[in-house]
Protein chains: 2
Amino acid sequence: MEDVIRSLGYLCLGSRLKRIGEQLQADAQRLLDGLEVPLQSSQYPLLAALDKLGPLAVGELAQSLGLTQPGVTRSVSLLAELGLVEAIQSDGDQRRRVVSLTKKGQRLVDVAKRDVWPRIESAVADLCRDLSGPVLDQLAAIEDGLATAPLDRRVKQGARQ
Amino acid sequence: MEDVIRSLGYLCLGSRLKRIGEQLQADAQRLLDGLEVPLQSSQYPLLAALDKLGPLAVGELAQSLGLTQPGVTRSVSLLAELGLVEAIQSDGDQRRRVVSLTKKGQRLVDVAKRDVWPRIESAVADLCRDLSGPVLDQLAAIEDGLATAPLDRRVKQGARQ
DNA sequence: CCATAAATGATAACATGTTATATAACATAG
DNA sequence: CTATGTTATATAACATGTTATCATTTATGG
């Protein structure tokens with residue numbers, strides 16, 4: 001059966017990237033399933049952000065993950081219920097809630113960082129090894145390109161109308 | 001604010017591809033908003049599949065789009081409510097429901113194909129123009145690589161454990 | 001100082017993907 | 001022919017993203 005998304009090329013690049021991303025996450029999930037805490041692979045970036053940057057307010061977290069604030073608010077609630085993060089109202093500005101890893105969350109990150117993340121990284125690197133170019137650079141260029149000029153500002157060049 | 005997904009590299013490639021894909025779709029949405037029928041950009045691949053391959057059963061449609069059957073069932077219901085497709089129970093095998101474009105759906109596809117899709121294609125091509133390699137080929141290689149050996153079969157090489 | 005604007009996060013409603021499972025129709029072994 | 005397994009689709013429950021909107025707190029202009 002023909003893969004329509006694939007044969008439509010640039011027209012469906014968005015659908016295709018999403019599809020590949022979902023599959024990568026599902027694959028990574030299988031590597032994470034060995035850990036003691038049952039957690040979706042999509043939640044790990046939030047934990048990794050807190051581990052890397054330290055405690056962050058909800059909005060800062062959203063910005064550093066490239067997600068919207070309501071999405072992050074929900075993930076934080078979920079992770080707080082699991083006891084992996086805690087959100088504490090800021091002393092200075094009472095609107096801000098600063099999110100940080102709990103002991104349990106830090107322990108999970110440490111284990112994942114030691115036992116699982118290197119395996120995921122090496123597996124993905126292996127997947128990309130034989131590609132003709134530096135894929136990450138190209139994705140960066142796509143992201144930068146979108147930030148500079150979104151698609152609707154690129155329709156002049158070469159399009160029929 | 002640091003972009004954590006980006007700085008984590010291969011580890012978060014899945015999240016990153018999803019994020020880029022969502023942004024591309026959101027951008028494409030703005031180009032599609034001019035059309036008479038209000039439709040999310042993510043629904044167009046289904047219409048394009050029917051236009052390209054002709055009437056298809058729900059399962060075949062799912063396969064050609066690389067989605068699961070329940071997702072396609074829901075999209076078909078939505079598009080049927082909008083009068084863009086119709087699903088007719090197969091004569092031979094009464095389990096199958098064959099989905100096809102209605103007149104209205106075909107008209108929408110024709111207009112989109114003439115007025116909008118070329119603009120999206122050229123805009124995305126423009127976005128990818130200056131990249132160092134043939135991105136589509138690389139994405140194809142990633143997809144093929146995942147199909148050949150999912151990530152959890154790639155952890156041996158070079159990983160710490 | 002107070003009125004108003006801006007910033008922060010929560011919530012609701014929706015979109016669209018998934019997995020798990022139910023139901024109905026078909027296929028086949030006995 | 002019937003029991004049983006398989007296939008095609010539907011449905012439910014959930015995950016996780018979005019936009020729109022609200023309440024609260026903070027900042028600011030007069």
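Order of the sequence lines fixes the chain letters, A, B, ..., with proteins taken first and strands second; residue numbering starts at 1 for each chain.
- In the model, A:T73 has a side-chain atom that pairs as donor or acceptor with a side-chain atom of A:Q69 under 3.5 Å.
- Within the nucleic acid shown, A:A57 comes within 4.0 Å of sugar-phosphate atoms alone, with no base atom in reach, counting heavy atoms only.
- Here the side chains of B:L56 and B:V99 are not in contact, with every heavy-atom distance at 4.5 Å or above.
- Applying the side chain to side chain contact (heavy atoms under 4.5 Å, CB included) test to A:Q25 and every residue at least two apart in sequence or in another chain returns A:S41, A:S42, B:S15, B:K18.
- A donor-acceptor pair shorter than 3.5 Å cannot be found between the side chains of B:D27 and B:Q23.
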Per-nucleotide protein contact string for nucleotides 15-27 of chain C (B base, S sugar-phosphate only, - none; heavy atom under 4.0 Å): SBBBBB----BS-
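- With respect to B:L84, the side chain to side chain contact (heavy atoms under 4.5 Å, CB included) criterion is satisfied by exactly one of B:L39, B:L78, B:L101: B:L39.
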